Visitor: 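Here it is, the structure in full.
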Amino acid sequence: MADVPVDSVASVPVAIVGAGPAGLMLAHLLGRAGVEAVAVDTRTRREIETTQRAGILEADVVRDLVETGVSDRVLRDGAEHEGIEVRSAGLPHRIDFKELVGASTWLYPQTDVFADLADARERDGGTVHFGIRDTEVLDVATDAPRVRYTAPDGTRHELRARYVVGADGSRSMCRDLVPEDHRVRYGTEYPFAWFGILAEAPASAPELVYARSAHGFALISRRTESVQRMYFQCAPDESAAAWSDDRIWETLQARVAGEDGFRLEEGPITEKTVLRFRSFVQEPMRWGSLLLAGDAAHTVPPTGARGLNLALHDVKVLADVLPRALGGAGGSALAEYEPRALQRVWRAQNFSYWMTRLLHTAPGASAFDLRRQAGELDNVVGTRAGRTYLAEQYTGWPTPTR
């Protein structure tokens, strides 16, 4: 639609395609640095706010949300978790983050992170266009890229930018703008998925519970004090509709059962989903005047709780390099982005892959595979070095500095 006349043209230093948490956090940080940015998204604000996602935040991310003036609601409504419980063969093992590495994580839903950021953009007078369509990103190999889109009222608009950031998620159209012969895509598909539920019930445990048993993997989390989120390993082609509530609870109870008599609090199940996942990275994360961030450049399985944290660290680096690039440093500043971001990305890929393989049972696993896997898990939970490694990886690493 590039030859269709537009109704308005606006110039802006940075155009952001994607107004989820990553896109809005970047716009917020750039605004604090005096750089105007406009974010656009094909989804409506309500669609983003009602798409349930996990929400385990690193302490550094929580600090950034509070100290940069997004909101302190995470401190009031979120829950600080100083560790997790790993249940292996029916025995509980607590991984004490505070004691091992002096860090913690926060349980705070991604939808709430988004709402805080969207409210902050409105408060600060930032420009965000939700519910657009027919998005085109043009001329990214030049110094004058453009973003064209159709507004909800049917009018056609063009943003003329110096830089475009593709933060448009795991189905990114921006990543495809890097020419095929100049990009490399790394990834792997997993032969299993998660069956996820939301249940109206009290919390079963004060912190997250990861369980691996002869019955399979389960993860016990929570949404609020009265709404719980839980998952168990299933086949990728599993039908959520085929499972009754009784069958779901029976499966979950069997996977967390142990010598300590631990049982889950049960209640009405309000949502059932099957979540497939993969590991993926596209390099380069920069092409011409286009920079990729978050799920547009990389995705991880949810086991290690890295996805949202990675995206927010990407934009933290971008918020450092883009003002300097616009201020005259140009390509020398932008050249810092990819190595600083990718160091963390590949660490997270390794950890997420390792933790996923550690806790899940692969289809067709032999008796040797299962016993070896149990030995590896015992090495993790049964030694201080193993527990420290898990705690350090789970709570994250400082954003690389220039």
Side-chain angles (χ1 to χ4, degrees), residues 50-57 73-98 104-113 192-234 238-275 277 302-305 308 355-356 359-361 377 381 390 394:
T50 55
T51 301
Q52 297 295 334
R53 297 284 183 87
I56 298 296
L57 304 181
R73 189 163 68 102
V74 61
L75 301 180
R76 291 179 279 112
D77 297 347
E80 184 177 10
H81 284 184
E82 296 183 356
I84 58 173
E85 180 177 297
V86 178
R87 299 183 65 81
S88 175
L91 296 174
H93 306 271
R94 186 164 187 267
I95 311 299
D96 191 326
F97 298 158
K98 278 284 192 180
S104 61
T105 59
W106 288 77
L107 179 68
Y108 192 64
Q110 182 169 322
T111 47
D112 287 8
V113 175
F192 37 72
W194 279 4
F195 193 113
I197 67 166
L198 280 178
E200 295 178 353
S204 298
E207 298 171 332
L208 269 67
V209 177
Y210 288 81
R212 180 188 180 276
S213 73
H215 299 282
F217 166 83
L219 169 60
I220 311 304
S221 182
R222 80 170 191 243
R223 180 68 171 77
T224 66
E225 289 296 331
S226 59
V227 178
Q228 313 308 315
R229 180 169 286 283
M230 306 181 192
Y231 304 92
F232 59 86
Q233 180 182 338
C234 67
E238 191 67 69
S239 169
W243 285 69
S244 68
D245 288 12
D246 287 345
R247 184 185 176 198
I248 290 170
W249 285 119
E250 181 181 356
T251 299
L252 282 166
Q253 296 286 14
R255 296 189 182 192
V256 302
E259 298 177 11
D260 57 351
F262 178 68
R263 283 188 61 81
L264 301 173
E265 298 284 351
E266 298 185 10
I269 294 174
T270 58
E271 181 182 295
K272 306 174 188 178
T273 57
V274 173
L275 174 65
F277 44 86
T303 323
L308 176 58
M355 194 165 179
T356 300
L359 295 171
H360 293 73
T361 302
L377 185 54
V381 300
L390 176 53
Y394 198 96

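Source: prediction; values computed, not measured. Position 1 is the first residue of the sequence, and the numbers go up from there.
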Visitor: Is the closest side-chain heavy-atom distance between Ile220 and Gln228 below 4.5 Å?
Guide: no
Visitor: Residues two or more places apart in sequence or in another chain: which of them pass side chain to side chain contact (heavy atoms under 4.5 Å, CB included) with Thr51?
Guide: Arg53
Visitor: Is there a donor-acceptor pair closer than 3.5 Å between any side-chain N or O of Thr111 and the backbone N or O of Thr50?
Guide: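 A pair under 3.5 Å: no.
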Visitor: Between Glu238 and Val274 (side chain of the first, backbone of the second, donor and acceptor by atom type, cut-off under 3.5 Å), is there such a pair?
Guide: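 The answer is no, because no donor-acceptor pair under 3.5 Å joins these two groups.
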Visitor: Output all residues satisfying ring pair (Phe, Tyr, Trp, His ring centres under 6.0 Å) with Trp243, sequence neighbours left out; order by chain, then residue number.
Guide: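 Scan of Trp243 (ring pair (Phe, Tyr, Trp, His ring centres under 6.0 Å), adjacent residues dropped) gives Phe195, Phe232.
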Visitor: Considering only heavy atoms from C-beta outward, does the side chain of Tyr108 approach that of Val113 to under 4.5 Å?
Guide: yes
Visitor: For the pair Tyr394 (side chain) and Phe97 (backbone), establish whether a donor and an acceptor sit closer than 3.5 Å, ignoring hydrogens and angles.
Guide: no
Visitor: Working to the nearest 0.5 Å, report the span between CD1 of Ile84 and CZ of Arg94.
Guide: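 With rounding to 0.5 Å, CD1 (Ile84) is 9.5 Å from CZ (Arg94).
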Visitor: Report the residues that fulfil side-chain hydrogen bond (donor to acceptor under 3.5 Å, both in side chains) with His360, sequence neighbours left out, ordered by chain and then residue number.
Guide: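 In terms of side-chain hydrogen bond (donor to acceptor under 3.5 Å, both in side chains), with neighbours along the sequence ignored, His360 is linked to Trp194.
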Visitor: Does the side chain of Asp245 reach to within under 4.5 Å of the side chain of Glu266, using non-hydrogen atoms?
Guide: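 Contact flag for Asp245/Glu266 side chains = no.
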Visitor: Nearest 0.5 angstrom please: Lys272 NZ to Ser244 OG, how far?
Guide: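 The NZ atom of Lys272 sits 6.5 Å away from the OG atom of Ser244.
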Visitor: I want to check something: taking the side chain as every heavy atom from C-beta on, are Val381 and Leu91 in contact at a cut-off of under 4.5 Å?
Guide: no
Visitor: When rounded to the nearest 0.5 angstrom, what is the spacing between OG in Ser204 and CD in Gln253?
Guide: 7.5 Å
Visitor: With Arg212, which residues qualify under side-chain hydrogen bond (donor to acceptor under 3.5 Å, both in side chains), at least two apart?
Guide: Gln373
Visitor: For Ala79, give me all partners under side chain to side chain contact (heavy atoms under 4.5 Å, CB included), at least two apart in sequence or on another chain.
Guide: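 For Ala79 the side chain to side chain contact (heavy atoms under 4.5 Å, CB included) partners, ignoring immediate neighbours, are His81, Leu107, Arg222.
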Visitor: Please, which pairs that meet side chain to side chain donor-acceptor pair (under 3.5 Å) have at least one residue in residues 82-92, sequence neighbours excluded?
Guide: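 Counting only pairs at least two positions apart or across chains, the side chain to side chain donor-acceptor pair (under 3.5 Å) contacts touching residues 82-92 are Glu85-Arg87, Arg87-Asp260.
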Visitor: Does the pair Leu208 and Thr105 meet the rule for a side-chain contact (heavy atoms from CB on, under 4.5 Å), with working shown?
Guide: CA-CA 11 Å; Leu208 269 67; Thr105 59; over 6 Å; no
Visitor: Just so I know, are the side chains of Asp246 and Glu250 near enough to count as touching, which here means a heavy-atom distance under 4.5 Å?
Guide: no
Visitor: State, with a plain yes or no, whether a side-chain heavy atom of Pro109 is found less than 4.5 Å away from one of Arg229.
Guide: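 Result no, sub-4.5 Å side-chain heavy-atom pair not found.
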Visitor: Sub-3.5 Å donor-acceptor pair from the side chain of Ser213 to the main-chain atoms of His215, do we have one?
Guide: yes
Visitor: With heavy-atom distances below 4.5 Å as the criterion, would you say the side chains of Leu359 and Leu377 are in contact?
Guide: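 In contact.
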Visitor: Taking all non-hydrogen atoms of both residues into account, name the closest pair between Ala201 and Gly267 and its distance.
Guide: CB-N, 3.9 Å
Visitor: Report the C-alpha distance between Asp112 and Val74 in whole Å, list the side-chain angles of each, state the deciding distance to 0.1 Å, and finish with yes or no for side-chain contact (heavy atoms from CB on, under 4.5 Å).
Guide: CA-CA 8 Å; Asp112 287 8; Val74 61; over 6 Å; no
Visitor: About how many Å separate CE of Met230 and CD1 of Ile269, when rounded to the nearest 0.5 Å?
Guide: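 Separation between the atoms: 8.5 Å.
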Visitor: Show the nearest heavy-atom pair for residues Gly304 and Met355, with the distance to one decimal.
Guide: CA-SD, 4.2 Å
Visitor: When rounded to the nearest 0.5 angstrom, what is the spacing between CG in Asp77 and OG1 in Thr224?
Guide: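 Asp77 CG to Thr224 OG1: 11.0 Å, rounded to 0.5 Å.
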Visitor: With the side chain counted from C-beta on, respond yes when Thr361 and Phe192 share a heavy-atom pair under 4.5 Å apart, and no when they do not.
Guide: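 A side-chain contact is absent here, since even the closest heavy-atom pair is not under 4.5 Å.
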Visitor: Would you name the heavy atoms of Phe277 and Leu275 that are closest together and state the gap between them?
Guide: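 Minimum heavy-atom separation between Phe277 and Leu275: CD2-O, 3.5 Å.
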Visitor: Rounded at 0.5 Å granularity, tell me how far CG in Leu252 sits from CZ in Arg263.
Guide: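 Leu252 atom CG to Arg263 atom CZ measures 11.0 Å (nearest 0.5 Å).
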